S.K.: 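Below is a structure I'd like to ask you about.
Since the structure is predicted, the reported quantities are computational estimates derived from the model, not experimental observations. To find a chain, count down the sequence lines: A is the first, B the second, and so on, and within it residues start at 1.
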Number of protein chains: 2
Amino acid sequence: MKKVDIESRQKSILNAIVESYVDTATPVGSRVIAQRFRNAMSPATIRNVMADLEEMDLIMQPHTSAGRVPTDKGYRFYVDSLLEPKHLTREEESIINKLIHQVGGDIEYVMQNASKAISLITNVAGFVLTPRLKRSIFKHIELFNIDDSRILAVILTTSGFVKNSIMEYEEHVTKHELMRITEFLNSELEGISLGEIKSYLTRKLLEERDSFYTFLKRAMDILAVPDLFRADDHLYFDGAACIMSHPEFADIKRARLFLRACEDKKGLLSLLNQDMDREGVKIHIGKENVDSEVQDMSIVTCNYEVNNMTVGAIAAIGPTRMEYGKVISVLKHISSELGKELEGLG
Amino acid sequence: MKKVDIESRQKSILNAIVESYVDTATPVGSRVIAQRFRNAMSPATIRNVMADLEEMDLIMQPHTSAGRVPTDKGYRFYVDSLLEPKHLTREEESIINKLIHQVGGDIEYVMQNASKAISLITNVAGFVLTPRLKRSIFKHIELFNIDDSRILAVILTTSGFVKNSIMEYEEHVTKHELMRITEFLNSELEGISLGEIKSYLTRKLLEERDSFYTFLKRAMDILAVPDLFRADDHLYFDGAACIMSHPEFADIKRARLFLRACEDKKGLLSLLNQDMDREGVKIHIGKENVDSEVQDMSIVTCNYEVNNMTVGAIAAIGPTRMEYGKVISVLKHISSELGKELEGLG
DNA sequence: TATTAGCACTCTAACACTTAGAGTGCTATT
DNA sequence: AATAGCACTCTAAGTGTTAGAGTGCTAATA
């Protein structure tokens, strides 16, 4: 009889348990696993291994006479050590690309379709965070009077986004003065993120003392309109319907809790903003989430880049029993396609 | 014994049935109604009236030994002839106003919060359609080169919205020429809706034949960027969770169908675009909806105005058993507050 | 010594059966 | 015309029963 490394046998059985459970949503018994291995081991042997895995807190039994189900820790081990990358089919890629690169859609449309693409392919709910303007780098500004009391500022960022801001102004600013201010701001603000503009100008204001002060003050007033610093983090959501097909939500109460968590958005927003700083795919399984509302869910996030700068993030959320491999590849793919599309949109 | 107009007694009993059923979600029997009228009539009498109402197809029995439930036709009669306007409480108004007039939010934020306000107060799902730019009236345009090959157009509308559009352009347009084009477009397009600009300029192009042609052609090319004519109709949605508290969705299958209908958006979009043309509240009960997916739901819509022009619409969707009176007043109130807020946002 | 067959035991999910109660329609009475 | 009384119907909830899936333990086996 061939000698098998016990460690590795435990691994492959855990792997089989996770994949079978993800697939069927029913606790998996020793018989099923034995068949999966074409009876290379007897159910009894597998039961022994299962007892070990349960000892290690990687799997558990919902009740005494049921099969095993992976624990959060079990999924974590699976994701970290067993998961092998899963490629998307041509068909799947084509569906995603069609949704994201649809002609004639504005940014909101693209965001909405990206979240729909996530949920459609992964069969869990999808989230997309809009490009964060505050993180975008200032490139160019144009100012002009639209009437006696209002000035329109148009700001371009290096990642290609445009931000408008109208401000009311009591005293009339001459065209000449406006041009000087425009020139000044353009030379001064290059390379600064939109979120930093305010504090940058304030600092500048403290340094300058002479006649330049009034000029600078006025320039700042024009820019410091609340509009520019408004919250620009919005979450697009899709997949409420498809999530309901999972048996974990057969109980309407759990379904409601899940939907409430999705609509609350605050928790997810802060998670995404946090995860955005690290590149690539991040996974939060069950109780690993600090947010108590999603402690029986898993959240997978991925940043996306426009012109090589991270400006936003996308996410998938569903029961801990999800196809992690697939979700990861889908998010990676969509992140990259979304970035490309946004570059094109300008 | 006092003589009572039979017509009016039928009405008041139908009214009682509808209100009791909306309130309790259980088929209402003759005893309950009798108690509602403080036993002014006996259950037996009421049963006779109920038989009449059933004859008229205003109410029905889910099964032989159950109480009565209003039919679509019954709700319609109730809404048209029995419903009395319901005022919002101070508290409710304050919740709505806080949500909509929150400082530091951009348009998307306001839309999202408006839909949340609808669902929060009415306890059914809320929809908000973004301001339709195509319906907005052209007021002013500014054009400038952002680099050698790209021109940024900023269009202002009379309702106060701003629309950006960047276009790629092979040959360089001089600053002087750009100014001439700007002036031309500003004088020419005043009062035209954004949706009509393209056809207007095309018509103009056919009339002109001389040297002006090239100039006009160029102006049009700049404006006719696809971006300007992109789909700008987005639906914001909230209340998936709260809709789940209704017993009609105890069956997960119906819940899924409802969510699918909400996420599909196409049907709702066309309904809203249609309803927008008439002012005020419009109600679609159950089978009155052409869309088969929502034939067991009711949809209530209301347009909203910015600077006295209808630019968008809001809606509530839920089971036919909904508090029509309340939903109507909430939509009216939110429509008006939303309009005000958007005027302020500029 | 590691694996496996056998067996008693446990728990769930499904089904059948029963019953209380809410509600009706009809008929006879006021 | 309105109502009380009554037989009838249907549902929802509770109770028992059973089949079957799965386990852990022990003893046999390679």
S.K.: Atom CD1 of Ile33(A) and atom C1' of dA21(D): how far apart are they, to the nearest Å?
M.R.: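 Rounded to the whole Å, the gap is 15 Å.
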S.K.: Does the gap between the ring centers of Tyr236(A) and Phe127(A) come in under 6.0 Å?
M.R.: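 Here the rings of Phe127(A) and Tyr236(A) have centres that are no less than 6.0 Å from each other.
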S.K.: Given dA2(D), dT24(C), dA4(D), identify the nucleotide with an atom nearest to the side chain of Ser42(B).
M.R.: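 So the side chain of Ser42(B) is nearest to dA4(D).
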S.K.: Is Asp72(A) reaching over with its side chain to a backbone N or O of Lys287(A), donor-acceptor style, under 3.5 angstrom?
M.R.: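 Such a contact is found between Asp72(A) side chain and Lys287(A) backbone.
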S.K.: Please report the closest heavy-atom contact between Ile283(B) and Arg76(B), naming both atoms and the distance.
M.R.: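 Reported closest heavy-atom pair: O-NH2, 3.0 Å.
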S.K.: Less than 4.0 angstrom between a side-chain N/O of Arg68(B) and OP1 or OP2 of dG25(C), yes or no?
M.R.: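 For dG25(C), OP1/OP2 do have a side-chain N/O of Arg68(B) under 4.0 Å.
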S.K.: Please check if atom NZ in Lys265(B) has more than 12 non-hydrogen atoms from other residues, nucleotides or ligands closer than 6.0 Å.
M.R.: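 Yes - once you tally the heavy atoms of other residues, nucleotides and ligands closer than 6.0 Å, there are more than 12.
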S.K.: Measure the distance from CE on Met50(B) to P on dC26(C) and round it to the nearest whole Å.
M.R.: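 It works out to 15 Å between those atoms.
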S.K.: In whole Å, I'd like the distance from the CE atom of Met60(B) to the P atom of dT24(C).
M.R.: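 Taking atom P of dT24(C) as the reference, CE of Met60(B) is at 13 Å.
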S.K.: Let me know the distance between CG of Leu53(A) and C1' of dT23(D), rounded to the nearest Å.
M.R.: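 One finds 15 Å between C1' of dT23(D) and CG of Leu53(A), rounded.
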S.K.: Has Thr45(B) got a side-chain N or O lying under 4.0 Å from the OP1 or OP2 atom of dA1(D)?
M.R.: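 Checking Thr45(B) against dA1(D): no side-chain N or O falls below 4.0 Å of OP1 or OP2.
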S.K.: For Ser119(B), check side-chain contact (heavy atoms from CB on, under 4.5 Å) against everything at least two apart and list the hits.
M.R.: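 For Ser119(B), the residues satisfying side-chain contact (heavy atoms from CB on, under 4.5 Å) (neighbours in sequence not counted) are Asp238(B), Cys242(B).
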S.K.: Which pairs count as ring pair (Phe, Tyr, Trp, His ring centres under 6.0 Å) when at least one residue sits in residues 15-63 of chain A, sequence neighbours excluded?
M.R.: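 Listed by first then second residue: nothing to list.
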S.K.: Between Asn48(A) (CG) and dG22(D) (P), how many Å, whole number?
M.R.: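 Spelled out: CG on Asn48(A) to P on dG22(D) is 17 Å.
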S.K.: So, is Arg31(B) near the phosphate of dA4(D), with a side-chain N or O under 4.0 Å from OP1 or OP2?
M.R.: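 Negative; the distance criterion is not met.
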S.K.: Starting from P on dG23(C), measure out to CD on Glu54(B) and report it in whole angstrom.
M.R.: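 Value for this atom pair: 15 Å.
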S.K.: Starting at OH of Tyr21(A) and ending at P of dG22(D), how long is that distance when rounded to a whole Å?
M.R.: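 So the two atoms are 14 Å apart, to the nearest Å.
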S.K.: What integer distance in Å separates Asn39(A):CG from dT4(C):P?
M.R.: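 Atom CG in Asn39(A) sits about 10 Å away from atom P in dT4(C).
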S.K.: Dump every N/O contact between nucleotides 6-13 of chain C and the protein below 3.5 Å, one line per pair.
M.R.:
| residue | atom | partner | partner atom | Å |
| --- | --- | --- | --- | --- |
| dG6(C) | O6 | Arg47(A) | NH2 | 3.4 |
| dT10(C) | O2 | Ser65(A) | OG | 3.3 |
| dC11(C) | OP1 | Thr64(A) | OG1 | 3.4 |
| dC11(C) | O4' | Ser65(A) | OG | 3.3 |
| dC11(C) | O2 | Ser65(A) | OG | 3.3 |

S.K.: Is the number of heavy atoms from other residues, nucleotides or ligands within 6.0 Å of CZ (Arg31(B)) greater than 12?
M.R.: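 At most 12 heavy atoms, drawn from other residues, nucleotides or ligands, come within 6.0 Å of this atom.
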